[in-house]
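These notes concern the structure reproduced below.
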Amino acid sequence: EGLDESVAALVAGCAVNVHFRPGQHLFHEGDPADAFYVIRHGRVSLEVRTAAGPSVVVDTAHDDDVVGFSWLVPPYRWRYDARATEHTSAIAFDGACLRAKGQEDPEIGYVLLQRVVTVMAAFSTAVGQWLSSDLALNTLLGQALDALSPSLDSIASRDASPIPLA
């Protein structure tokens with residue numbers, strides 16, 4: 001949307017229609033980032049992993065949203081998970097194809113970079129809002145307590161003997 005026709009035609013050559021079932025991942029954190037997606041219809045949760053537990057949803061993508069920016073940023077690895085939460089149709093754009101076109105034509109590269117920076121800024125804002133929320137604090141504290149629970153149970157089950165005072 002909003003692209004010059006010649007740029008749109010070049011970009012379209014790197015695209016394919018894809019479909020995801022509810023629960024199916026578009027990509028996983030740490031895997032090679034080789035594409036980005038424009039959601040045509042459906043819903044995708046963007047999730048970050050926490051040190052003490054399961055992934056946490058920090059944002060949700062809907063119709064016409066763009067998902068993914070890691071395809072343009074070395075080392076080209078996903079920095080979060082994306083999972084369809086309902087039947088989702090999307091257009092997948094091949095990252096290597098787009099990077100090659102951007103290197104061949106700096107104008108195309110600049111247009112793509114502007115679009116990706118917009119997506120990165122929106123995701124960064126969503127993560128920042130989540131981190132500053134009460135839900136984030138409660139989730140992280142709950143996960144930390146769950147992780148400590150076996151140790152705390154072990155300590156509590158020991159026979160408590162008084163510590164001699166000198």
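Not measured: the values here are computed from a predicted model.
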**Study point:** salt bridge (Lys or Arg N to Asp or Glu O under 4.0 Å) partners for R49, two or more places apart
**Key:** E29, D81
Exercise for review: Please say whether more than 12 non-hydrogen atoms of neighbouring residues, nucleotides or ligands are located less than 6.0 Å from NE2 in H41.
Suggested key: no
Review point. How many angstroms lie between atom CG of D63 and atom CD1 of I39, to the nearest 0.5 angstrom?
Key: 8.5 Å
Check your understanding: Between A82 and L46, what is the shortest heavy-atom contact and its length?
Key -> CB-CD2, 4.0 Å
Check your understanding: How many angstroms lie between CZ in F36 and CZ in F93, if you round to the nearest 0.5 Å?
Key -> 5.0 Å
Review point. Mind checking whether Y76 and L98 sit in one hydrophobic cluster, side chains of I, L, V, M, F, W, Y counted as touching below 4.5 Å?
Key: no
Exercise for review: Please check if the side chain of Q24 supplies one atom and the backbone of R21 the other of a donor-acceptor pair under 3.5 Å.
Suggested key: yes
Revision key, fill the gap. The reported gap from CD in E86 to CZ in R43 (rounded to nearest 0.5 angstrom) is 5.0 Å
Review point. Any side-chain heavy atom of D34 sitting closer than 4.5 Å to one from D94?
Key: no
Check your understanding: Heavy-atom distance under 4.5 Å between the side chains of T88 and R40, does that happen here?
Key -> no
Practice item. Applying side-chain contact (heavy atoms from CB on, under 4.5 Å), run through T60 and V44 and close with a yes or a no. Key: CA-CA 6 Å; T60 303; V44 175; over 6 Å; no
Check your understanding: Should the pair Y37 and F27 be assigned to parallel (<30°), tilted (30 to 60°) or perpendicular (>60°) ring geometry?
Key -> parallel
**Study point:** Minimum side-chain heavy-atom gap V16-I91 below 4.5 Å
**Key:** no
Review point. Is the closest side-chain heavy-atom distance between L26 and F20 below 4.5 Å?
Key: yes
Check your understanding: Short question: side chain of D105, backbone of G102 - any donor-acceptor pair under 3.5 Å?
Key -> no
Exercise for review: Take H28 and Y80 through the side-chain contact (heavy atoms from CB on, under 4.5 Å) test and state the conclusion after the steps.
Suggested key: CA-CA 6 Å; H28 293 279; Y80 54 92; over 6 Å; no
Practice item. Quick one: closest heavy-atom pair of S89 and H19, and the distance? Key: OG-ND1, 3.0 Å
**Study point:** Given S55, P22, S45, the one that forms side chain to side chain contact (heavy atoms under 4.5 Å, CB included) with R83
**Key:** S45
Point to revise | Check: S70 and R77 side chains under 4.5 Å, non-hydrogen atoms | key: no
Review point. Does V73 reach the side chain of R79, with side-chain heavy atoms less than 4.5 Å apart?
Key: yes
